[in-house]
Structure formats: C-alpha cells, structure tokens
Amino acid sequence: MSMYRHQLYRTWLSLRHRPQLRNWVYGTVMLSTLYFLYQFISPSDSRQTFPLESYVEPELLPQSVWDNRAERVKKAFQHAYHGWEQYAAPHDELKPISNTYQDNFNGWGVTVFDGLDTMALMKLDHEYKRALKHVEDVEFKLEEGKYAPYFETVIRYLGGMLSAYALTEDPILLRKADELARKLDPVFGTPSGLPYYGVNPDTGATQGPAIGILAEIASLQLEYTYLAKVTGKKEHFDRAQNVINIINRANYDKTGGMMPIRWNTTDGTPFDQSLSAGAQADSAHEYLLKQYLLTAKRDQESLQLYIRTATQLITELMYISPTRHLLYVTDKVPSRTSHTAQISHRFEHLSCFLPGLLALGVQELPLDDIDFMDAFDKDHPAQRAQWEKLRGFSLRDVHLWAAQGLAQTCWLSYADMPTGLGPDEMLFYTNMPEQGAWGGGWFAPKTAAGGARPMTRTGGGTLWVDALRSWKRSGARGVPPGVGDKTPVVYSKEDRVRGAFGRDYSIKKDEYLLRPETVESLYLLWKVTGEARWRDRAWRIFEAIEVHTKTPAGYASLRTVQTSPGVKDDDMPSYFFAETLKYLYLTFIGDTPLPLDKWVLNTEAHPFPVIQWTAEERERFRVGY
Ligand SMILES: *[C@@H]1O[C@H](CO)[C@@H](O)[C@H](O)[C@H]1NC(C)=O
C-alpha cells in the first residue's frame, strides 16, 4: 500500500513538471468519470432492451471499432447467404425457420441477383463466383399464363446485374442484363409507352390494368439509361426517355406540383389526385433526383420536377405530432363527399427513404440558387403559389431540417419498441385537446384535416409555420420546431394493456420485414452531416437485428416488434441482401467505395456510376439535355 502511494506521489511530481502530459492525464480521468456517471443518469430506455455492448459516445469511437462492426455485417451476410445456398438454391428466397424456399419473384433465384453487388463490395469472392455461375445458368423463362412483375423484375434482377457489372465488369452480367431487358420489352406495348404491370418473357403476353401505379410505371429511368450507356443501344435509352418525357409533360395543376399515384397508360396522363411519399409512389419521386445525378447533372427537367415535388411534400404532406413534436410525412386522398382532401396521417416504414433522399439533395444540389434550378415558373399561378410557400426560408435549410426531423422519427419508431426494431406502419394522432396539444402541418398555413377545426396550431395557439418563422427571427438558436433529438418512449406491458398515448401514434402494422429504408436514411444522414449519432443508431439497429431476427439458417422478418423477444415469421426477403445489409456495411466502413457524387443507387440499392455521354452518344441517342 505504501509502495503504491509512493508511486502515485512520484507520478504526480513528474506530472507537475510536464503540463501537457498532466493535462492529458487529468482530461482522461475527468472524461472517464463523466462517462461513468453518464451511464447511470442518461435516459437509456431504448438501450436496456439489448445491451450487447456497453455504450460509448459514438464520436469517441475510433474507426477500428467501426471496421469490426462492418465485419460483423459481412458475417451476417455470409450467414444468410449460406443458408439460402444450403436450403433454398436455386429458388427465389429462403424461408429461414422451416429451412425451405419460396418462388415469389419469377423463381430465377432473386436472392442471388439482389445480393451480387453486395458480395462484390464486401469482397466475398467465393460467394460471388458461385453466384455468377447461377446467373449464367438462368434462362429467364416462365410458363405460359404466368407473368413477371415488371417493376420488381427491373429493380431487383436488372438492377442487380447492372450494378454488379459496374463494379466487376464481368461481361456475362452485361450479356444477361441485355437479354432480360429484351425479353421484358413487350411490356411497353401500351399506347403511351408506359409499361404494363407484367409480362411473360417467353410469349411476350402482357398483363395489367389500363390505369397504372406511379411507382411501377416510372421507376425504370436509371436502369435503362445506364443499360443504354453500357450496351450502346438506343432502344434502351428511348424507353427511359419516353417515361421522363411523359412525367415532365404532364399537367400537375390539380395536384399542386407533384405526380399523383394513378396514371392512364393509354394517353400517359395523371388519372387521379391521390398523393403519397410511400407505397405506390416512393421510387418515382426518388428517381427524379437520381436521374439528374446519374446524368452528371444534365437532365435539368428531372431536377425541376424533383424540386417542385419536394416543395409539395414539405408544405402539404409533412406534419408535426401533438406532444412529442415528431415530424412525419403522410398521404392525401381526395374526398368523394366534399371538396377537401383527406390527410390520412399514416406514416409508413417505406416512407423512411425520404429523409435520405432529401439529405442527398442537400449534399449535391445548389438548393439556395433557385434561379439556377429554374424550378418554378413565376408566370404559372399554381407553380407560383408553391414557390411562395417557402419564401423567406433557405431551401437548403428546409430540406436539411426535413431530412433530420423525418430521420429522427424513423429512428424513434425503432427505439420506441421493446425489440429496437420499427413497425411497418404507424397512425399519428392529430390533436390531443385534453392535454392542450395540437399537431399540424409543418408548413401548412391553412386547415388541413378536412374539418373546420384548425389543425395547424401549436400548444400556444400559433401556427406551426409561424413558430418556424419566429424561431428564425429570434436568432435561430438550437433546432427549429420538429427537428431535434427526442427521447424514446418504450411502453411496458401494462402500458399497452391500459392503452397508453405517450408516443403520439398508434401502430397499424406491427411487423418488421427486414426493410432497409430507415438504415438507408441513417447512412445518408451520416454521410451528409458527418454526425456520428446517425451512424450509432444504425449500429443499434444492427444489434437488434442480430438479437431478434437471427435463425440457425438466416434472418427472419418479425410478426410483431411490440414484444421482446420478437415473434419471427418464416420469411427472408431478397432486399435484405441488396439493401439492408449493404447500407449497414457502407455506414460502418471507413473509405467509401461509392462516393455520393460518383455513384447513384437505384431504389433497390444497386449502384450505377454517374454517366458522361460522349459526343457520339449524344448524337446517336439524340440526348436532349
Ligand atoms: C384513358 O385515356 C384514354 C384516351 O384519352 C381514354 O379514352 C380512356 O377513357 C382513359 N381511361 C380511363 C379509365 O379514364
């Protein structure tokens, strides 16, 4: 003991004469103490459910820790893929509980096609070689009377082969991609040239209603533009460009600027006025910005429609919840009985791609140079009205706030659950008058719910948009309404039985389908803001995936996220390989192989390199931008 004290005294003496070293030692002791205390006092509701590792402030973690985490994701990929190889090959997807398979996307082995480029990125050479052999052997055949769903086949199969080709340059991938595109081509047999729902690749028979769904008719531009680049074939370029021309030419006066869900595939015009950021619409909005980026920022018309769409989403479909002030994006259906639109206040997991897309735009666009983008025709009354709504704000600020606020809500939908995994669909409460709490449109200046009651009041009786303005006027300290970090609210079993209201939403669909959208946005928020909290949240989601969804042969969707441990379902979608694990991996590795200004990811997370047309291509394809 006295020896020990003596040592301590000598150390102290030596430190006295070396102020730098002393400061360093004091600093370390202080930090450790603070961190130790923090462990006890911090609000850690979400952490208690899966304490796999002791929590360290993510800013303090060295890259070597993140490298290990990336390695863990790679191991997860191998585990799941080996399960597919063992029990499901050559079929579409593994059923990871019964260790059987299902053929739900043409039966050509969709898991392989979706996973190829992730294998290339993770440098899983053995798996990749075996997968390539599978691709080579597939014939893209279907029995008579069966139809390949065009949209899913394009984003998964065609996108998967093309992106793997972009990364590895294996010529077989290009040959098979071109072969598949040719077999699918009869799908464009509508008078407008918008694709039918489905096609038989052998007989060329097509299937589908005359009214098409936005996401399914307008999410092929990236794939076909890149296919044209690498094959040199004008017909692929024309397929993409026809869709782009149709959506750019359409009249959106009735919808306020953005594309509605339903389209007449005979004459290529909007069919209704339903608006959504989620299912049935999502990727069509996504491809506006991404087509602009893929064409090395040349396709200005796609950019303009993206800006008008984002404006509409922000001013009309984004809302704030009454007590926690969570920002969410929802959809709008015109009412049959009155002239006002119905806002559903549904918030889908699928819509959680939007914060990432907005963040990507913040990074890549000159958002505050509205004249450069030339997105609003000031002589056009509807467009002028759109533009006026955000006047006085920096567009860049607003897009970044929206990205942060929505990503926060997407993350909380996970952190609020005892499993640490988010539900597939939520329904937000609008007003809670007993608590004097009102939700409302984030930027909407008028009534919104379709009733007479003003929906747009904060607790103090002001409009949310006015709250934003006064926050700005008062020096814009901290974060604006709807944007900051919130504490998770995890219900106990008693809370659930009693019917608690503390989250501001109820759960409409409580399954977790191994979906990627939230980790996709966390990845982009991390890349664009450089704030480690986004990366940290992605890690916590991966931990929850490991704890609650892993089976001996793979990973399983959850039937409910509301009880811990989660209740598994016998299903492992191919997008888990293409997207969920890829985004997690990209979030944790150090140097990215896919810089945001050089690669554009399709809606299934398949990356294509930015395209520069040569003079010869411009002339031959008649590139109009
Ligand atoms: C679609 O457009 C065509 C041509 O304008 C029209 O004849 C047809 O009735 C429209 N379809 C529907 C369902 O409205």
Side-chain angles (χ1 to χ4, degrees), residues 145-155 184-200 203-221 223-224 235-288 291 301-302 304-306 308-309 312-313 316-317 331-344 346 348 350 377 380-383 450 603 624:
K146 296 221 160 135
Y147 299 89
Y150 175 72
F151 163 68
E152 297 286 356
T153 305
V154 166
I155 64 168
L184 297 175
D185 207 57
V187 87
F188 294 105
T190 59
S192 67
L194 292 175
Y196 281 114
Y197 169 79
V199 57
N200 182 297
T203 65
T206 54
Q207 181 206 39
I211 299 303
I213 297 297
L214 178 62
E216 293 173 358
I217 58 163
S219 309
L220 56 93
Q221 301 92 306
E223 292 81 357
Y224 279 68
E235 67 251 37
H236 298 314
F237 180 84
D238 290 344
R239 293 305 186 205
Q241 203 54 44
N242 182 47
V243 171
I244 295 169
N245 293 343
I246 287 174
I247 59 183
N248 278 329
R249 221 186 300 128
N251 183 333
Y252 300 116
D253 289 355
K254 284 193 185 141
T255 55
M258 66 187 271
M259 299 177 283
I261 292 177
R262 275 171 258 290
W263 287 68
N264 182 332
T265 59
T266 305
D267 61 4
T269 57
F271 180 70
D272 76 345
Q273 293 166 42
S274 304
L275 302 178
S276 172
Q280 303 195 317
D282 44 11
S283 50
H285 304 314
E286 179 184 352
Y287 277 23
L288 297 174
Q291 181 70 13
E301 281 190 292
S302 291
Q304 290 162 349
L305 190 48
Y306 170 72
R308 293 198 291 270
T309 300
Q312 174 101 13
L313 287 167
E316 287 183 31
L317 296 183
D331 40 38
K332 183 169 170 178
V333 183
S335 162
R336 271 173 241 277
T337 50
S338 73
H339 287 293
T340 53
Q342 290 291 325
I343 298 289
S344 74
R346 254 177 0 134
E348 298 166 89
L350 286 170
D377 178 354
H380 185 294
Q383 287 191 24
T603 192

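In listed order, ligands and their atoms are each counted from 1.
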Establish, from distance only, whether the side-chain atoms of Ser283 and Ser219 form a donor-acceptor pair under 3.5 Å. yes
Which class fits the ring pair Trp263 and Tyr252: parallel under 30°, tilted 30 to 60°, perpendicular over 60°? perpendicular
Output the list of atoms in ligand 1 that are nearer than 4.0 Å to some heavy atom of Ile211, sorted by atom number. 13 (C)
Distance check, rounded to the nearest 0.5 Å: Glu316 atom CD versus Asp331 atom CG? 13.0 Å
Interatomic distance, Ser274 atom OG to Gln280 atom CD [nearest 0.5 angstrom]: 8.5 Å
Heavy-atom nearest neighbour of atom 5 (O) of ligand 1 within options Asp267, Asn264, Thr265: Asp267
Atom 9 (O) of ligand 1 touched by protein (heavy atom, under 4.0 Å): no
Can you list the ligand 1 atoms lying under 4.0 Å from a non-hydrogen atom of Phe271? 12 (C), 13 (C), 14 (O)
